[in-house]
Amino acid sequence: MILLSRSEEIVLLAIWKLKDNAYGVSIREQVSKDTGHEWSFGAIYKPLKKLVHNAYVEKRSSQPFAERGGRSKYMYSLTSAGKKALKEIRKIYKAVWTEECKAIFD
Amino acid sequence: MNPHKDSLPFPGKAILWFFQDNDDYYQAVGDFEEAYRDRVKTQGSARAKLWFWSQLFKSLPGFILDHLYWRGVMIKNYLKIAFRNFKSHKGFSFINIAGLAVGVACSLFVLLFVWDELKYDRFHKKADRIYRIAQYIHIENRIDSALPTPPILADTLLKDFPQIESATRIHKVGWSIVKRGEERFEESNIYSVDSSFFEVFSFKLLQGNPQTVLDNPNEVVLTRSTVQRYFGRGNPLGQFLTIDQEEFTVTGIIEDAPRNSHFHFDFLTSISTYPRSRTTRWFEGFCATYIVLKKGESPEKLEAQFPEFVLKYMFGGKAGSNRVFKDWEYFLQPLTDIHLNSHLLIGEFEPNSHVAYVYIFSIIAVFILLIGCINFVNLSTARAGIRATEVGIRKVFGSNRSQLIRQFLGESLLFSIMAFVLAFILIAVFMPAYQSLIGKDIPIHEIITISTFISLVILIFAVGLGSGLYPAFVLSSFRPAVVIKGSGFSTQRFRSSALRKGLIVFQFTISIVLFIGMGVVYQQTEYFQNKRLGFDREHVIVVKNANLLGQNKSSFKAKLLQYPDIQSVSATSWLPGRGTSLRYITPQGSKEGVVLAMFNCDQDFLNTLKLQMAEGRFFSQGYSTDNRAIVINQETARQLSWNQPIGKTFRISKDDYHVIGVLEDFHYSSLHEKINKMGVLYNGEDLVRYGDLFAVLVRPKDMRNILQIIAQTWDSFSPSLPLNYSFLDQDYARLYTAEMRIRHITTAFSMLAMLVSILGLFGLAAFTAEQRRKEVGIRKVLGASILDILALMSKDFLRWVVISNAVAWPVAYMVTREWLQNFAYRTPIRIEVFIVSGVFALIIAGLTVSYQTIKASLANPVDSLRYE
């Protein structure tokens with residue numbers, strides 16, 4: 001069983017959603033949009049780094065960008081392990097949030 | 001588009017850089033910058049900046065946690081490596097740590113001393129506003145600094161200067177006999193004070209009303225420990241004590257004066273008891289005067305008004321109107337300065353310390369700490385070769401330079417912590433020895449506070465980072481390709497370090513200077529011991545409190561002389577090593593008076609102290625006119641330019657005294673001072689008039705037996721106190737307590753400095769020997785003799801020590817010459833001291849190095865070359 005921290009999970013999902021355009025700025029925007037409140041960069045770097053370390057996410061540097069002063073940016077993409085992790089999380093949620101849990105919202 | 005326009009504020013970047021490794025840093029800067037630019041475009045640069053800073057600070061916790069998390073992984077590895085290194089090079093590590101620990105222990109010891117010295121008298125609430133009035137008294141061609149001021153001064157100052165808040169007077173009563181009922185005690189710490197004492201000082205009154213305790217004459221306040229001695233657990237208030245025939249009522253109890261007060265009392269009597277406190281005469285020194293300035297008032301302004309004040313009250317508005325006192329200057333001493341900076345000639349309550357001590361101590365300690373740190377720098381860089389491979393491999397695996405620097409700084413911090421732990425152990429062990437060295441007890445429990453803890457942590461970091469910085473930069477600078485290939489890199493690197501040579505020279509320079517200093521101090525103190533003083537202080541027993549014998553003084557003397565072991569006895573008011581009393585007398589044919597150090601003694605004084613007469617004769621029982629006779633010393637005759645002094649007269653009070661003899665000059669006080677004018681008066685046959693002392697010259701035999709005889713004789717007259725005696729040579733040696741202390745201190749510290757330097761040299765020598773093993777092997781194979789190799793290996797080290805000597809000698813010369821200026825009579829600075837110190841350093845260094853080099857040169861080349 002794969003257990004990710006909540007912030008890691010959110011970041012992982014955001015990267016999947018962003019497909020080819022996942023890098024620091026866009027991930028932060030996506031995460032902020034998803035959760036509805038502003039995230040700081042520091043708050044996304046930490047889970048990002050851990051995801052990379054555990055090989056759920058791949059990090060590679062892109063072509064240099066003019067708007068970055070000729071520097072490249074680091075693009076992130078999901079690895080197969082990352083996809084598997086997402087699926088598994090979903091499965092666990094389904095198993096944990098059974099029908100009777102809906103009563104919580106009443 | 002200009003990439004530098006709209007870039008992030010620099011301090012923000014620096015913060016990012018600090019928390020992140022290279023890659024992450026560029027990512028973060030890039031991300032921040034992109035988002036920042038967007039904001040600049042949409043919202044303007046001011047709001048963008050605001051946003052950036054708020055984002056940065058929100059991000060900080062994340063950065064820090066992240067940093068710590070990943071750091072933690074590496075730190076584990078760093079620690080492991082550090083301990084492995086420590087274990088596999090025990091010798092080096094020990095030298096590093098021991099050297100640092102000795103340095104740290106020394107500097108902590110000194111900090112203790114300095115801390116204590118600087119804290120004197122700070123416990124008073126008004127400490128920064130309290131001043132003591134001291135004075136320069138111009139008599140003849142001399143200026144005396146004196147503490148006792150006219151008793152009327154305090155009130156007059158209060159009346160004339162509105163900026164003075166309060167004033168109080170303190171008179172040291174000195175040695176007295178205190179009686180409680182039939183019991184008698186000898187006391188010396190009796191002070192009499194004004195009732196305003198408690199307004200000025202913050203000594204804690206335990207019982208009694210601070211406003212009124214000493215208002216009336218014949219009232220006394222006792223310290224807590226005095227109460228215990230006299231009354232045990234009983235209540236002393238309202239009880240009576242007799243001090244010097246006067247009866248006093250106990251009206252209060254006061255806490256004992258703290259150790260770091262510039263005076264210590266057991267009894268405080270009311271000053272109004274003494275009639276002299278009410279005199280309105282101005283030229284009479286009686287009591288010290290302390291004032292409190294109102295808040296915000298400047299002492300300089302007050303001081304500037306003193307000359308006018310003096311003119312008005314003391315000289316009746318006309319300068320030079322007094323024949324004796326040419327001038328009289330008052331000046332202010334800040335209370336907190338008294339302990340370190342007040343060295344008045346006359347009337348100090350207690351001998352004060354000297355600020356020079358604080359400086360000398362601090363400088364020496366900082367140097368020893370520096371020597372320890374230098375060892376660390378030298379050994380770490382010398383051993384760079386050993387760590388080079390590690391550095392190369394770390395770099396190959398992706399470490400960057402800043403990580404490596406942090407690693408090595410961390411290691412030196414670790415060493416520093418261990419050194420401090422060892423230093424604390426050293427301090428605990430040597431504390432008693434140190435306390436006797438500096439002559440004071442420093443209570444440890446007073447020192448343990450938060451602020452000392454914080455400063456210790458700062459010191460640990462300063463030492464660790466300070467000594468680790470250079471090695472860290474050197475070690476982290478290696479290029480992996482070069483070091484991993486390992487092509488003759490390490491020896492080259494080691495031998496060419498100019499910095500290391502410089503540091504060694506520096507270390508030895510300090511050690512040699514300290515050594516020379518020690519030598520000169522030693523010579524000067526020996527000079528004190530051996531200088532012909534003009535009198536004999538050996539085998540002279542001093543009997544004190546002779547006045548307790550009353551009318552029996554002559555019988556006491558006669559009885560003592562019956563014993564064959566007692567050669568000579570003299571009743572006198574003074575003996576060398578004690579303060580002389582100055583008197584103002586008028587020589588024949590002059591209107592002006594002169595000041596002479598004067599004392600009274602009987603006819604046997606000359607033989608008891610083995611003084612020599614230059615002319616004329618000493619007092620004698622046969623001449624009835626000797627009661628009106630005076631004996632002077634050669635200096636007096638010289639200063640008065642009397643070629644034939646015998647028969648000349650002095651007018652003392654209203655009588656003429658004939659000069660009957662001239663004593664050869666002898667050093668009646670310490671060798672700090674030049675011999676000055678001295679006069680001796682006759683004590684008469686009855687011996688009763690003057691003199692509280694007996695000098696007893698004995699044969700150098702069984703001292704204990706002789707002392708017993710004297711004690712028995714003393715007791716046979718049943719005086720109220722038991723015999724109180726001392727030895728003249730010891731009394732005299734007490735004049736040099738300060739110098740002896742300096743001698744002990746420089747000895748201890750110069751030995752330590754040398755020890756730490758030697759430790760470092762030993763480590764370096766061991767290291768070179770190891771590095772050059774193969775070279776030595778090849779040289780031996782090619783026919784070099786053991787001596788050749790010894791010379792080859794020791795040459796460098798010895799050259800450094802020689803250079804150190806060249807630097808150290810002029811420095812030491814200047815320092816010691818300055819110190820010797822303190823003495824009127826001093827030993828010349830001898831070149832031998834320098835040579836001995838230099839040669840000693842050379843020999844020690846030679847021995848240290850040769851142990852390693854001999855080992856290397858004796859090694860069989862087969863062993864060292866086998867693996868080539």
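Just so we're clear, the structure is a prediction, and the values are computed from it rather than from any experiment. In the text below, chain A, chain B and the rest are named by the order of the sequence lines, each starting its count at 1. Computation of the quantities below employed the complete heavy-atom set of this structure, encompassing side-chain atoms and omitting hydrogens, waters and symmetry-equivalent molecules.
In Lys49(B), the NZ atom is not crowded: 12 or fewer heavy atoms of neighbouring residues, nucleotides or ligands sit closer than 6.0 Å. Under a cut-off of 6.0 angstrom, the local environment of CZ in Phe473(B) is sparse, with at most 12 non-hydrogen atoms contributed by other residues, nucleotides or ligands. Other residues, nucleotides and ligands contribute more than 12 heavy atoms inside 6.0 Å of the CD1 atom of Ile104(A). Other residues, nucleotides and ligands place no more than 12 heavy atoms under 6.0 Å from the NZ atom of Lys90(B). Heavy-atom contacts from other residues, nucleotides or ligands closer than 6.0 Å to CH2 of Trp16(A) number 12 or fewer.
You'll find the side chain of Asp31(B) reaches within 4.5 Å of the side chain of Tyr45(A), heavy atoms only.
Once rounded to the nearest 0.5 Å, the distance linking CD of Glu34(B) with OH of Tyr23(A) reads 3.0 Å. With rounding to the nearest 0.5 angstrom, the OG atom of Ser54(B) is 8.0 Å from the CD atom of Glu38(A). Note: Arg28(A) CZ to Gln55(B) CD = 4.5 Å, rounded to the nearest 0.5 Å.
The candidate with the highest count of non-hydrogen atom pairs below 4.5 Å against chain B, out of Ser61(A), Ser40(A), Ala43(A), is Ser40(A).
Contact detail for Gly42(A) and Ser59(B): the closest heavy-atom pair is N-OG, 3.0 Å.
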